[in-house]
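Below is one structure; the comments refer to it alone.
Chain identifiers are assigned alphabetically (A, B, ...) following the order of the sequence lines, protein sequences preceding nucleic acid strands; residue numbering begins at 1 within each chain. Note that the structure is a prediction, hence the values are computed from the model and not measured.
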2 protein chains.
Amino acid sequence: MSDESTRDQIVNAADRLFYERGFEHTSFADIADVVGISRGNFYHHFKSKDEILNAVIEMRLAATREMLAGWEFDHPEPDERIRRFIDILSANRAPIMRHGCPVGSLCSELGRLGHPSRHEAAGLFGLFRTWLAREFVRLGRARDADRLALHLIGRSQGVAVMANAFGDEKFIRREVRALHAWLARCSQEQEKHS
Amino acid sequence: MSDESTRDQIVNAADRLFYERGFEHTSFADIADVVGISRGNFYHHFKSKDEILNAVIEMRLAATREMLAGWEFDHPEPDERIRRFIDILSANRAPIMRHGCPVGSLCSELGRLGHPSRHEAAGLFGLFRTWLAREFVRLGRARDADRLALHLIGRSQGVAVMANAFGDEKFIRREVRALHAWLARCSQEQEKHS
DNA sequence: GTCTATACTGAGATAGAC
DNA sequence: GTCTATCTCAGTATAGAC
């Protein structure tokens with residue numbers, strides 16, 4: 001960790017702070033403080049704040065791809081894989097209650113700012129969408145796979161927004177259970193048809 | 001409209017700009033430009049930006065209460081009233097795709113800023129929650145009325161976040177249909193039990 | 001590659017004239 | 001009640017020494 005390049009340290013710190021405080025509300029001074037470098041040193045690594053944002057999005061995209069590959073490695077069955085997606089909500093319930101979903105809040109913020117990188121940020125949703133849709137196809141739901149993927153991501157986003165607004169842990173658990181039940185119904189409908 | 005008090009004009013302009021650009025990203029200059037007054041004049045009406053925010057939240061709370069009262073006046077049956085809530089998503093699909101849900105995005109932003117008024121903003125959700133729960137009770141679902149209310153608001157929030165991120169109008173229509181179907185099932189389960 | 005010092009900007013806020 | 005002028009401060013960004 002300590003021999004991590006300064007550039008990587010900056011990106012990691014920015015990643016965390018953008019999540020906790022939002023992109024606009026995070027200043028260079030904040031990031032510099034966390035990393036323990038001077039403000040000036042900064043511009044040796046990134047020419048502007050937008051460049052740091054792009055680096056953070058790139059890193060998140062890479063991390064997400066890696067996570068999805070890990071799920072594929074761990075579970076051969078599509079429903080088990082999709083369950084992993086749903087369980088993000090339980091596994092990260094503490095940070096979600098405090099700061100919401102990192103993807104959802106970044107997309108909302110950049111959208112409102114009309115920021116040029118908003119489409120890249122939405123690509124994080126796109127990654128999950130494509131991956132989930134493929135698993136729903138494998139589940140025998142080829143005809144409405146993309147619809148189901150979007151529905152599931154949307155449900156998760158709703159849970160994150162509400163958990164953040166109300167700080168209600170029981171609500172998360174309840175909704176996660178409901179989503180697992182929903183997924184079970186998806187699988188059964190597939191089996192009925194085949 | 002033109003003989004509206006300057007104070008009201010400020011609150012209305014702030015309300016719109018906070019929705020479109022977010023609270024932090026809206027400056028006094030922005031609001032002053034819209035209203036057509038000088039920056040200085042501002043402090044005659046509000047001592048700080050936070051005071052404007054509080055006035056905006058108060059106004060939204062009052063407007064929401066009025067809207068809910070209107071729904072109660074228009075429809076005697078609880079399921080018809082709840083349908084009105086779901087239909088907000090269709091009725092406001094254009095601004096939702098552009099800016100998200102005004103309640104959800106304000107709560108998320110104030111939460112991230114750790115702003116003192118974040119709980120007041122969450123009160124907007126609370127208003128819908130209480131109102132919906134009461135209608136679910138009237139629908140014969142006294143035991144899980146609050147659970148259903150939270151679930152419905154959460155679903156709506158998810159739709160808003162996704163519609164905003166992807167700008168997908170078909171998605172909104174599809175989810176609205178799904179929510180109406182869900183509500184119909186809620187009513188049927190009640191009828192079965194009674 | 002890292003630092004200090006500093007320029008420049010925009011935003012919140014105040015004072016005081018009209 | 002509205003204006004102009006101005007203050008202060010934080011944030012982005014640059015220059016140049018080490």
Note to self: I need the CZ-P distance between F46(B) and dT2(D), as an integer number of Å.
What the structure shows: 12 Å
Next item on the list: Taking only the side-chain nitrogens and oxygens of H44(B), find out if one of them lies under 4.0 Å from OP1 or OP2 of dG1(D).
Entry: yes
Notebook entry, point to check: In whole angstroms, how far is the P atom of dG10(C) from the CD atom of E24(A)?
Noted result: 14 Å
Checklist line | Carboxylate-amine/guanidinium contact R173(B) E169(B), below 4.0 Å | finding: yes
Check: So, is N41(A) close to the dG1(C) phosphate, meaning a side-chain N or O under 4.0 Å from OP1 or OP2?
Finding: no
Checklist line | Length of the NZ-C1' vector between K49(A) and dT9(C), whole Å | finding: 14 Å
Note to self: Just N and O in the side chain of Y43(B): are any of them under 4.0 Å from OP1 or OP2 of dT14(C)?
What the structure shows: no
Margin query: Within residues 25-39 of chain A, which residues have any heavy atom lying less than 4.0 Å from an atom of DNA chain D?
Written below: T26(A), S27(A), F28(A)
Checklist line | Note: R83(B)-E80(B) ion pair, threshold 4.0 Å (strictly below) | finding: no
Next item on the list: May I ask you to establish whether R143(A) and F136(A) are in a cation-pi arrangement, using a distance under 6.0 Å from NZ or CZ to the six-membered ring centre and at most 45° from the ring axis?
Entry: no
Check: Below 4.0 angstrom from OP1 or OP2 of dG1(D), is there any side-chain N or O of T6(B)?
Finding: no
Notebook entry, point to check: Honestly, is R147(B) close enough over F171(A), meaning NZ or CZ under 6.0 Å from the six-membered ring centre and within 45° of the axis?
Noted result: no
Next item on the list: Evaluate the side-chain proximity of M67(B) to W131(B): yes if any heavy-atom separation is below 4.5 Å, no if none is.
Entry: no
Next item on the list: Measure from CZ on F42(A) to P on dA15(D) and round the result to the nearest Å.
Entry: 18 Å
Notebook entry, point to check: Do the numbers put K49(A) on top of the ring of F23(A), so that NZ or CZ is under 6.0 Å from the six-membered ring centre and no more than 45° off the axis?
Noted result: yes
Next item on the list: Rounded to the nearest angstrom, tell me the gap between atom NZ in K47(A) and atom P in dA15(D).
Entry: 13 Å
Item checked: Integer-rounded Å distance: dG1(D) P and I10(B) CD1 -> 11 Å
